[in-house]
Amino acid sequence: MSAVRAGISGIMLPTVFPSLDHALPVLWDHVRRRPVRAAHRDFIRLCIGPGGGDGVAECLSRGGRWSVTLYIGDMTDWTAHPITITTRHAP
């Protein structure tokens with residue numbers, strides 16, 4: 001079984017999850033509570049939100065890593081927080 005390690009820099013420490021299906025709802029919960037512009041939130045939701053994850057799974061199967069940067073704040077005052085997911089093989 002493949003486990004995944006997922007985290008959001010400055011928001012959520014990297015954590016090992018038994019599968020991508022376990023990691024995505026936790027990541028999305030952290031994102032949806034933050035002040036993120038609507039268009040950016042929609043993009044992140046398509047990647048890791050409810051019903052998302054297919055593209056992430058494809059990237060993980062090809063290269064073992066997926067990441068995107070979450071920008072919190074508005075156009076003139078924002079901080080960047082990379083979201084990173086990597087595969088880890090469970091024993």
Side-chain angles (χ1 to χ4, degrees):
M1 169 185 243
S2 255
V4 299
R5 183 175 188 212
I8 306 173
S9 179
I11 295 174
M12 181 187 130
L13 291 173
T15 304
V16 176
F17 294 90
S19 71
L20 185 60
D21 290 340
H22 289 90
L24 292 180
V26 174
L27 291 169
W28 176 243
D29 188 51
H30 281 282
V31 170
R32 69 181 184 82
R33 295 184 281 146
R34 306 284 188 237
V36 179
R37 289 183 327 151
H40 188 54
R41 180 185 310 278
D42 289 345
F43 170 73
I44 301 292
R45 182 184 50 78
L46 289 171
C47 295
I48 65 170
D54 290 341
V56 174
E58 181 67 24
C59 286
L60 292 174
S61 72
R62 290 183 181 185
R65 179 179 171 82
W66 177 89
S67 67
V68 68
T69 301
L70 171 66
Y71 295 98
I72 297 177
D74 59 33
M75 291 291 285
T76 59
D77 184 26
W78 52 266
T79 58
H81 302 271
I83 300 171
T84 305
I85 304 172
T86 57
T87 55
R88 297 178 53 125
H89 298 287

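- You'll find the side chain of M12 reaches within 4.5 Å of the side chain of V26, heavy atoms only.
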Residues 48-58 side chain polar contacts: donor-acceptor under 3.5 Å, at least two apart:
unit_1: E58; atom_1: OE2; unit_2: R62; atom_2: NE; d: 2.7
unit_1: E58; atom_1: OE2; unit_2: R62; atom_2: NH2; d: 3.1

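- Contacts classified as ring-ring contact (aromatic ring centres under 6.0 Å, His included) and involving residues 25-77 (residues at least two apart or in different chains) are given here: H40-Y71, Y71-W78.
- Closest heavy-atom contact between A6 and L27: CB-CD1, 3.9 Å.
- When all heavy atoms of V31 and I83 are compared, the closest pair comes out as CG2-CD1, 4.0 Å.
- Residues I11 and L70 form a side-chain contact, since some pair of their non-hydrogen atoms from C-beta on lies under 4.5 Å apart.
- Counting only distance, with no hydrogens or angles, the side chain of R5 and the backbone of I85 share no donor-acceptor pair below 3.5 Å.
- Between the side chain of T15 and the main chain of L13, a donor-acceptor pair closer than 3.5 Å is present.
- The backbone N or O of G73 sits nowhere less than 3.5 Å from a side-chain atom of R34 that would complete a donor-acceptor pair.
- Expressed to the nearest 0.5 Å, how far CD1 of I72 lies from NE2 of H81 amounts to 4.0 Å.
- Of all heavy-atom pairs between T86 and T84, the closest is CG2-CG2, 4.2 Å.
- The two residues S19 and V4 make their nearest non-hydrogen contact at O-CG2, 3.6 Å.
- Considering only heavy atoms from C-beta on, S67 stays 4.5 Å or farther from P82 through its side chain.
- Annotation: the span from L20 atom CG to S61 atom OG amounts to 10.5 Å, rounded to 0.5 Å.
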